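All values below were derived from every heavy atom in this structure, side-chain atoms included, with hydrogens, water molecules and symmetry-related copies excluded. This structure is a prediction, so every number in the text was calculated from the model and none was measured.
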Amino acid sequence: YIPIKSPDPVQFTVSYRGAPVYIGYVNTLTNQPITLQLGVYNVTVVVEGQFHQALSNVNVTLYRIGYGPTYSSITNGAGTSNVNGVLAGTYQVTAQLRYAKYTKVLPITSQGKPIIVNTDILTVLDGMPITTGEALLTALGFGGAGMLLYAFTRGKDKNSGEPPEVENI
């Protein structure tokens, strides 16, 4: 209830967990209720690896784009994270395990299916994620990666119309 004692327009803000959700204007002395219904949901986030395996101990953050708020949790052994009391809106959902970070933007407008975050993490060894890119570099070795880099850069010379240089080893 907001008491208004003068005929001047009054602006008010309704917040949920510190985030503004409604800005209202009143320009009358007539007592009239303003009904406001907020969408607040319980959200489940599932973080999966490359082979759809559950990933535990992943930091999950939901940030409501614009004004916030931010919700944080950690996945359990089943790879799920439950966040209660999430305000409806468009969110940036981030799943991070050490240096491996995955983000998606999506609306949360109802309570329904869980949010699935797919990653390229093959496995986790001693808390360190091993991604497909790292596995490829390991399989090729640094020499193999160097050969690929050399092949790509030599291909540019070939396409530029200049004759390739001959190198004697």
Side-chain angles (χ1 to χ4, degrees), residues 1-137 149 152 156:
Y1 180 76
I2 302 172
I4 299 173
K5 298 183 175 152
S6 70
D8 297 329
V10 175
Q11 176 182 342
F12 64 94
T13 303
V14 177
S15 297
Y16 177 77
R17 293 189 178 178
V21 293
Y22 180 77
I23 298 174
Y25 299 93
V26 176
N27 57 5
T28 178
L29 291 176
T30 305
N31 185 2
Q32 53 183 323
I34 297 174
T35 304
L36 179 64
Q37 183 174 351
L38 299 179
V40 179
Y41 307 102
N42 296 330
V43 176
T44 300
V45 179
V46 179
V47 182
E48 296 181 339
Q50 178 71 29
F51 303 112
H52 303 289
Q53 75 273 26
L55 295 175
S56 61
N57 298 319
V58 177
N59 293 318
V60 174
T61 304
L62 284 77
Y63 168 70
R64 185 167 165 252
I65 296 174
Y67 298 104
T70 300
Y71 306 90
S72 298
S73 63
I74 297 176
T75 59
N76 59 22
T80 62
S81 168
N82 296 310
V83 184
N84 297 323
V86 176
L87 185 61
T90 301
Y91 281 82
Q92 176 179 325
V93 179
T94 303
Q96 184 169 1
L97 182 60
R98 299 262 180 131
Y99 60 85
K101 187 174 183 179
Y102 305 89
T103 301
K104 65 187 333 183
V105 174
L106 54 100
I108 296 176
T109 56
S110 66
Q111 196 153 324
K113 296 179 182 178
I115 298 168
I116 308 293
V117 178
N118 297 307
T119 71
D120 65 342
I121 296 174
L122 298 173
T123 189
V124 179
L125 298 175
D126 293 326
M128 292 297 293
I130 307 299
T131 64
T132 53
E134 292 163 337
L136 181 62
L137 285 176
L149 179 62
F152 286 126
K156 287 183 181 177

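Two residues are said to be in side-chain contact when any heavy atoms from C-beta on lie closer than 4.5 Å; Val47 and Thr119 meet this criterion. Side-chain contact between Thr132 and Leu122: present, with at least one pair of heavy atoms (C-beta onward) separated by less than 4.5 Å. Proximity of Val124 to Leu97: side-chain heavy atoms (C-beta onward) are separated by under 4.5 Å at one or more points. Side-chain contact between Val105 and Val93: absent, with no pair of heavy atoms (C-beta onward) separated by less than 4.5 Å.
The structure places OG1 of Thr90 at 8.5 Å from CG of Leu106, a figure rounded to the nearest 0.5 Å. Interatomic distance, OH of Tyr22 versus OG of Ser15, reported as 13.5 Å (0.5 Å rounding). Between the CG atom in Asp120 and the OG1 atom in Thr131 there is a gap of 5.0 Å [rounded to 0.5 Å]. Interatomic distance, OH of Tyr91 versus CD1 of Ile65, reported as 10.0 Å (0.5 Å rounding). In this structure, Ile74 CD1 and Ser81 OG are separated by 8.5 Å, a value rounded to the nearest 0.5 Å. To the nearest 0.5 Å, atoms OG (Ser72) and CG (Leu62) are separated by 8.0 Å.
With hydrogens and angles disregarded, a donor-acceptor distance shorter than 3.5 Å links the side chain of Thr75 to the backbone of Val58. When atom types are taken as modelled, the side chain of Tyr99 and the backbone of Pro129 share a donor-acceptor pair closer than 3.5 angstrom. With hydrogens and angles disregarded, no donor-acceptor distance shorter than 3.5 Å links the side chain of Tyr102 to the backbone of Gln96. Without hydrogens or angle criteria, Tyr16 side chain to Gly85 main chain gives a donor-acceptor distance under 3.5 Å.
Annotation for Lys101 and Thr94: closest pair CE-CG2, 3.6 Å, computed over non-hydrogen atoms. Nearest approach of Ile121 to Ala100, heavy atoms of both residues: CD1-CB, 4.2 Å.
A 6.0 Å sphere centred on NZ of Lys104 holds more than 12 heavy atoms belonging to other residues, nucleotides or ligands.
Side-chain contact check for Tyr71 and Asn84: no donor-acceptor pair (N or O, by modelled atom type) lies under 3.5 Å.
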Next item on the list: Take Leu87 and Val21, measure what side-chain contact (heavy atoms from CB on, under 4.5 Å) needs, and give me the verdict at the end.
Entry: CA-CA 9 Å; Leu87 185 61; Val21 293; 3.1 Å; yes
Next item on the list: Give the intermediate values and the outcome of side-chain contact (heavy atoms from CB on, under 4.5 Å) for residues Val86 and Val40.
Entry: CA-CA 5 Å; Val86 176; Val40 179; over 6 Å; no
Next item on the list: Please test Val43 against Ile115 for side-chain contact (heavy atoms from CB on, under 4.5 Å), starting from the C-alpha separation and ending with a verdict.
Entry: CA-CA 8 Å; Val43 176; Ile115 298 168; 3.6 Å; yes
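Pairs engaging residues 50-64 under the side-chain hydrogen bond (donor to acceptor under 3.5 Å, both in side chains) rule: Glu48-His52 [sequence neighbours left out].
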